[in-house]
2 protein chains.
Amino acid sequence: MDQDDDHKQRTEVTLREVSAAVGLGMSTISRVLRNHGSFSKATRDRVMKAVEELGYVPNRIAGTLASSGSNLVGIVIPSLHNIVFPDLLSGAALALNPIGFQTVIAVTDYDLEQEQKVIQSMLAWRPAAFLVAGVEHTERTRAMLKNSGVRIAELLDTDGEGIDIVVGFSQREAGAVSARHLIERGYRRIGYVGPEFAFDPRARKRFEGFSAVVAEAGASVAETELMGRTSSTEAGRAALERMLARSPGLDAVYFSNDDFAVGGLFHCFANNISVPSKLAIMGFNGLDIGRFAPQPLTTVRTPRTEVGEIGARMVMAQGGAKVVDIPFELVRGATT
Amino acid sequence: MDQDDDHKQRTEVTLREVSAAVGLGMSTISRVLRNHGSFSKATRDRVMKAVEELGYVPNRIAGTLASSGSNLVGIVIPSLHNIVFPDLLSGAALALNPIGFQTVIAVTDYDLEQEQKVIQSMLAWRPAAFLVAGVEHTERTRAMLKNSGVRIAELLDTDGEGIDIVVGFSQREAGAVSARHLIERGYRRIGYVGPEFAFDPRARKRFEGFSAVVAEAGASVAETELMGRTSSTEAGRAALERMLARSPGLDAVYFSNDDFAVGGLFHCFANNISVPSKLAIMGFNGLDIGRFAPQPLTTVRTPRTEVGEIGARMVMAQGGAKVVDIPFELVRGATT
DNA sequence: GTAATATTTGGCAGCGCTGCCAAAATTGTG
DNA sequence: CACAATTTTGGCAGCGCTGCCAAATATTAC
């Protein structure tokens, strides 16, 4: 059955051909297709029929060139393997798709040079707007973005200088809130597990806020483990094991995200370390995996989807506030 | 400091302006920028300097229109919240980025109508190729794709008719292998937990392969729980709870993916159901979360990154096999 | 009926770039 | 030094579409 005249060289169907087929001018066809300007009902039907029959697919490359204005929104994130970012994308899509915009996603692997590269190549497609995770960029990136005249929103982190719009929350404050919780609960010999700071400036800021509060309370972060790019569960589990081997007396460990924390929790389960009586565990982000663990994880629920949605909305709007703070929320589970 | 003459209306820098600035023809500038054709070293330097100074960013929309051939590869997947798909994307990026191609990602939410819509709008951007998850599509999608003349690879599932290239493995066989393992280990009263089949044809095929083997062995799938779109951990945990309430005598449960399975495992931990002596748990996909659980999960490791990479490579190549099978692997943990 | 108004349609320039080919500049040869 | 061979450069058409405006047609008023 599937035996088409498949041997290519099919010349693309263009507006001109539709025009010829219908016997109407190109502008008319174009107006019908974009539902813009006026035309009779009869014309509309004839055009649609021909479009259908010829299998015409408008060429938006030509359209965008002619009208100067694409429906593309560039989104630049460090990774897709941290659920934070798919959530962010869902939020953005929620705001963008209904108004006919398409997202183009680029991943930087937590590398600012890479970020610069992908932004440069996205710029060549003249997106209508940019959403970028974080406020840390190379100088060149910042300059390109500014000169491009494209509206840009930086997301997830309000600690620092933004280029245009910033939507997120204070990572530093989120770290501080976490620390206050542990301190209040009486923990004093505290460890920290997170990614290498060079990778993730947001994790670094959280740690800064965290350790400042711990210090204020007269304690200090007794142990830290910073890890490269391994699987989070594995890394969290192994980090906690190493840490406890060195400092068996720790009474709480703060993990820079829930994936790490669940790894830590797994280590405790596997080694009969009772949580939280022997060791308290706290995560960050409020992922389901932590929420539905045998002992629900204490964590900070971050407004990822909202940040994506509001960021997208703002970047598409005209004026508006420059910095929007979206609140996060401490969620006490059974691990602290 | 950041006080630029920000009040827009900045007219875009074009090739023509660079040309005027350097005092060379547009074609020459274009050749230098694309490093294509011949020009002197001196010319190159002059051009690069001007480009830098003017902050010129080539307009690929115009370039693509003129040269007919974009560097965009469309990737269509059902979700970003199942790690399978980010893995797929990483694989594709691995193959594509080094040869200068950019990926444009669209998410369908497991909805074939939505898939049709996003493919249609991507087609308007004339991508160089398409990578699509699965071989299930609406008739109209299939027709559009065929007529487009764009090379397309369907990924992750070899059970069914492909349009052009198919890279993946037999989901049905993967289900069968899982069943054989459980049967061999002596389990007979088996439950199944997975997503509503309408959402996920690949899960359905695995289930078919699975239940056929179970039936062959003279047993049958005693219980099934099919769930909508909730968080996986939560859904897996709740589903197992409901299932055991109905049929306390089950001796094994097969989860359609590791996220669900970890939810199930959590239920067992929290309720002191000893695994696997009282109840065996098996997942699918080979995620880290299962691998580093207190009891490593028995699962099937699927070659997601490889599928993405090989799919991308094949779709960019000329001829080549039409169906490529990438093997999966059963990984026995401590839960069966 | 005609004039005035509203609706629908077509023509043409041009978006910013590339491909093609011819013109100009450079180098090599005897 | 003239001539051929080679390298470097510029001009122009056109990719497929949209925006603008004028032309054609339909509708309404008187």
Side-chain angles (χ1 to χ4, degrees), chain A residues 10-48 50-51 54-72 100 121 123-128 148-149, chain B residues 10-48 50-51 54-72 100 121 123-128 148-149:
Chain A
R10 48 176 107 248
T11 180
E12 188 156 308
V13 183
T14 68
L15 236 209
R16 159 165 281 108
E17 291 166 56
V18 180
S19 160
V22 188
L24 284 167
M26 288 171 54
S27 350
T28 303
I29 315 289
S30 173
R31 271 182 302 243
V32 171
L33 256 27
R34 286 175 299 147
N35 196 30
H36 175 275
S38 64
F39 44 82
S40 70
K41 181 83 181 68
T43 298
R44 173 192 195 91
D45 294 341
R46 280 205 294 161
V47 170
M48 286 318 208
V51 163
L54 297 175
Y56 170 69
V57 179
N59 185 332
R60 229 196 263 279
I61 296 178
T64 301
L65 182 60
S67 71
S68 61
S70 87
N71 67 334
L72 264 25
S121 48
L123 235 21
W125 284 98
R126 302 297 190 262
S148 71
Chain B
R10 48 176 106 246
T11 179
E12 188 155 305
V13 183
T14 67
L15 235 209
R16 160 165 282 107
E17 292 165 56
V18 180
S19 160
V22 188
L24 285 168
M26 286 170 54
S27 352
T28 303
I29 314 291
S30 174
R31 272 181 302 244
V32 171
L33 255 26
R34 287 176 298 147
N35 196 29
H36 174 276
S38 64
F39 44 82
S40 70
K41 182 83 181 70
T43 297
R44 168 189 201 94
D45 294 342
R46 278 204 295 158
V47 169
M48 286 319 208
V51 163
L54 297 174
Y56 170 69
V57 178
N59 184 332
R60 229 194 265 277
I61 296 179
T64 302
L65 182 61
S67 71
S68 61
S70 87
N71 67 334
L72 261 25
S121 51
L123 234 21
W125 285 98
R126 302 296 190 264
S148 72

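Letters A, B, ... mirror the listed sequences (proteins, then strands); counts begin at 1. Here the structure is a predicted model, which is why all the values come from computation and not from measurement.
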Peer 1: Quick one: Arg126(A) CZ to dG16(C) P, roughly how many Å, whole number?
Peer 2: 9 Å
Peer 1: In whole angstrom, what separates Asn59(B)'s CG from dG14(C)'s P?
Peer 2: 18 Å
Peer 1: Give one of base, sugar-phosphate or nothing for Ile61(B), where a contact means two heavy atoms less than 4.0 Å apart.
Peer 2: nothing
Peer 1: Near DNA chain D, which residues from residues 34-46 of chain A have a heavy atom under 4.0 Å away?
Peer 2: Arg34(A)
Peer 1: Between Thr28(B) and Ala62(A), name the one whose nearest nucleotide on DNA chain D is closer to the 5' end.
Peer 2: Thr28(B)
Peer 1: Could you check how far CG of Leu33(A) sits from P of dC17(D), rounded to whole Å?
Peer 2: 9 Å
Peer 1: Report, one pair per line, the protein and nucleotides 20-27 of chain C atoms (nitrogen or oxygen only) whose separation is under 3.5 Å.
Peer 2:
none

Peer 1: Show your working on side-chain contact (heavy atoms from CB on, under 4.5 Å) between Val47(A) and Phe39(A) and close with a plain yes or no.
Peer 2: CA-CA 11 Å; Val47(A) 170; Phe39(A) 44 82; over 6 Å; no
Peer 1: Find out whether Val57(A) and Glu12(A) are in side-chain contact, i.e. whether some heavy atom of one side chain is under 4.5 Å from a heavy atom of the other.
Peer 2: no
Peer 1: With no hydrogens and no angle check, do the side chains of Ser19(A) and Arg16(A) hold a donor and an acceptor under 3.5 Å apart?
Peer 2: no
Peer 1: So, is Ser30(B) near the phosphate of dT18(C), with a side-chain N or O under 4.0 Å from OP1 or OP2?
Peer 2: yes
Peer 1: Looking at every non-hydrogen atom in both residues, tell me the closest pair between Ser70(B) and Arg126(B) and how far apart they are.
Peer 2: OG-O, 3.0 Å
Peer 1: Which sits closer to the 5' end of DNA chain D, Ile29(B) or Leu65(B), going by the nucleotide each is nearest to?
Peer 2: Ile29(B)
Peer 1: Between dT9(C), dC15(D), dT18(D), which nucleotide gets closest to the side-chain atoms of Ala66(B)?
Peer 2: dC15(D)
Peer 1: Carefully, step by step, assess Asn71(B) and Trp125(A) under the rule side-chain contact (heavy atoms from CB on, under 4.5 Å).
Peer 2: CA-CA 11 Å; Asn71(B) 67 334; Trp125(A) 284 98; 3.5 Å; yes
